[in-house]
2 protein chains.
Amino acid sequence: MRSADLPEVRSIHLFQTMEEATFDSIVKAAYFQTFPDHVVLIEEGDTADFLYVVVEGCVELFASSNGRETTMAMVSPIGTFILAAALKDAVYLMSARTSQRSRILMIPSEDIRAAFEKDTAFAAAIIRELANCYRAVVKEHKSLKLRTGVERLANRLLRYHNDQGCNGSLLLPHDKRTLASLLGMAPENLSRAFNTLKPYGVTVDGPRVYLGDLLALENLAKPNSLIDDRSM
Amino acid sequence: MRSADLPEVRSIHLFQTMEEATFDSIVKAAYFQTFPDHVVLIEEGDTADFLYVVVEGCVELFASSNGRETTMAMVSPIGTFILAAALKDAVYLMSARTSQRSRILMIPSEDIRAAFEKDTAFAAAIIRELANCYRAVVKEHKSLKLRTGVERLANRLLRYHNDQGCNGSLLLPHDKRTLASLLGMAPENLSRAFNTLKPYGVTVDGPRVYLGDLLALENLAKPNSLIDDRSM
DNA sequence: TCCCTCGCTTGATAAATATCAAGAGGTACT
DNA sequence: AGTACCTCTTGATATTTATCAAGCGAGGGA
C-alpha cells in the first residue's frame, strides 16, 4: 500500500484504536483497488480470503438460491463487509458486486485474525463492528417479517429523508430494481407501492421523491426505533 | 453463584478459553436462575443489563411492531442470547420468554464488557460467538427472502431430521404455532404447508413427522449449505 | 361424566405479492 | 436521425399468503 493512503486507512473506525504495531502488520499485506461498476468481487461459497472495506463508491451484497436472487444490503463508505466470514475463516454467505466505480481496501483475513489475537483494542473494535452488523441484519429481518411491502417502502423513504437533511425531498441512492430487491419485493410491486403512497403525499420523479405530507406518511409507516434507527 | 455450578459454567464455549482471573471476575456477579415456562425474561427496548446463557430448557426470542409479533429464534442449550446488545450497552432489539422451564445463567453486561477489554482469549471467544450469531441471522434472512413458505418448512424438516439421527422420523421441537411464526407464516398456513408436502412423503401425527420419501422431499426443498448448515 | 379450554385443522374469502406481457420514455451508440 | 437497448411503469392474471369463521379432538378440572 502507498504510504499516502495510510492516514486514510488509519482513520477508519475499525483501525483507529489499534496499536501502531498491529496497524503496521495489517497494512503491510493490505492493498487498495479501484473497481468499475458491476464487477463481482466475491461469490458466496468462496473461502474468505479477504476482509473488504468500501472507501469510495458502493457495493451490493446479494445472495442466490435455487435460481432466485435477492439484495441483502448496500454497503456505502466507510463500511466493511464479510467481516464474520473473514474472522471465522469460513466461506462467504453472500456475494458482492460493485454498484458504482468503487475504491476498496482488501485485507487478507489471516492478518485480521492474527491481529485481534494480539491487540485488545483491535479486538474491541472488531466486536463493536460485528455487533453493529448483527443488529443491522436483525433489524432487516424484523422489518421483513413484521411489515408489508408498502410499509417497508414508507419507512425506507423516511430513513433516506432523514439521512439527506429532512428537507421534504430525497434522492433514491440505488436503482429502483435494487431498492425493490432490498425491500424484498418485485420491481413491479415497488412501482405500485409508490402509487399506493400517493395519497400520503409521496410523489416520484425519477430518482427524486417528494414527501408532501410527512405526518400522513409517518402515520402509515409507524416507524419504530428498534427497526429503523441506524445508530443503535 | 454456588461453587458447585462453576465447572458447568466454565465448560460453556464462551468461557472455556478465558483466563482464570477473568473467569472469576465474571462469575462473581453472575447467577443462575430457573424460570417456569412462558415467563418473559426481557422486553425489546429495555437496556441490556445482562447477557443470558440458556443452560437447560428453551427460550424464544421474539419481536413486535405495530401490533404484530413474530418469533425470531429459539435458543436451546448451550446458547447465548442478547450478546450484541450487552456488548454495545444498547437496548435489546428482541424480547425473550421461556418456552419451557429453563435454567438460565445471567451475567451483568458491564462485567462482560470489562472482561473482554483485558482478556484476549475471551475477546476471541466473543468474536467467534458473535460471528456465529451474525451468520445465523443472515441465513434466516436469506431463507425468508429466497424461499416460499413450503420450501422453508421442507428444509426445516430436513434439518430437524438430521439433528435427530436421520431415521425417517422427527419430533417437532416447538409448538406448531411457534414453528409457523419462526418460519414466517400464519399457523393456518403451516397446516396447509404440511398438506402440500404429503405427496412428498411427509405425514404428520401430532408433533411427530414421518419423512417417507427423503429424495422427493430434498428435491423439492433443494437444501443449500449456505442457508441450512448450522455448523458453518 | 360433562364441559371447557386449547392447539390445531379446514374451508371460504380477502389481501398481498409475483408473474407475464406490453409499452413509455430515456440514453447511448451508429 | 435512427435504432437498439435499458429502466421503469402499467395492466391483466395467477399464485401465495393472511384473515375470518367454524369445527374437531385431546386433555384437564369440576
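Proteins come first, then strands; the chains are lettered A, B, ... in the order of their sequence lines, and each starts at number 1.
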I need the minimum non-hydrogen distance between [X] and [Y], along with the two atoms involved.
X: A:Met74; Y: A:Thr178; answer: SD-CG2, 3.7 Å
X: B:Ile107; Y: B:Ala30; answer: CG1-CB, 3.7 Å
X: A:Ala84; Y: A:Leu130; answer: CB-CD2, 4.1 Å

Using a cut-off of 4.0 Å on non-hydrogen atoms, how would the nucleic acid contact of A:Arg177 be classed: base, sugar-phosphate, or nothing?
sugar-phosphate

With a strict under 4.0 Å distance from non-hydrogen atoms of chain B, what nucleotide opens and what nucleotide closes the contacted stretch of DNA chain C, reading 5' to 3'?
C:dC8 to C:dA12

Pairs touching [range] that satisfy side chain to side chain donor-acceptor pair (under 3.5 Å), sequence neighbours left out:
range: residues 197-208 of chain A; value: A:Ser169-A:Arg208, A:Asn195-A:Lys198
range: residues 82-98 of chain A; value: A:Glu60-A:Arg97, A:Glu69-A:Arg97, A:Lys88-B:Asn132
range: residues 38-48 of chain A; value: A:Glu44-B:Lys142

Pick from B:Lys145, B:Arg152, B:Arg156: which one makes a salt bridge (charged side-chain N to carboxylate O under 4.0 Å, His left out) with B:Glu140?
B:Arg156

Could you tell me how far apart [X] ([atom1]) and [N] ([atom2]) are, to the nearest whole angstrom?
X: B:Met185; N: D:dA18; atom1: CE; atom2: P; result: 8 Å
X: A:Phe194; N: D:dT7; atom1: CZ; atom2: C1'; result: 14 Å
X: B:Leu183; N: D:dA18; atom1: CG; atom2: P; result: 11 Å

Bend across the helix from C:dT1-D:dA30 to C:dT30-D:dA1, to 10°, with axes taken over 5 pairs at each end?
20°

Protein-nucleotides 21-25 of chain D N/O pairs under 3.5 Å:
none

Is any side-chain N or O of B:Asn189 closer than 4.0 Å to OP1 or OP2 of D:dT17?
no

Results of side-chain contact (heavy atoms from CB on, under 4.5 Å) for B:Ser76 - residues two or more places apart only:
B:Cys58

Taken in chain and number order and not counting sequence neighbours, the residues that satisfy side-chain contact (heavy atoms from CB on, under 4.5 Å) with B:Arg177 are B:Asp175, B:Pro187

Which is more 5' along DNA chain C, the nucleotide nearest B:Lys176 or the one nearest B:Arg192? Just name the residue.
B:Lys176

Name the atoms and distances for all side-chain donor-acceptor pairs under 3.5 Å in residues 214-227 of chain A, with sequence neighbours left out.
from, atom 1, to, atom 2, distance (Å)
A:Lys222, NZ, A:Asn219, O, 2.8
A:Asn224, OD1, A:Leu226, N, 2.7
A:Asn224, ND2, B:Ser65, OG, 3.2

Could you note down all residue pairs passing ring-ring contact (aromatic ring centres under 6.0 Å, His included) where residues 138-179 of chain A supplies at least one of them, sequence neighbours left out?
A:His141-B:His141

Applying ring-ring contact (aromatic ring centres under 6.0 Å, His included) as the test, list every pair that has at least one member in residues 213-232 of chain B; sequence neighbours left out.
none

Heavy-atom contacts under 4.0 Å between residues 143-153 of chain B and DNA chain D, which residues?
B:Thr148, B:Gly149

List the steps, then state whether side chain to side chain contact (heavy atoms under 4.5 Å, CB included) holds for B:Val75 with B:Tyr52.
CA-CA 10 Å; B:Val75 186; B:Tyr52 291 77; over 6 Å; no

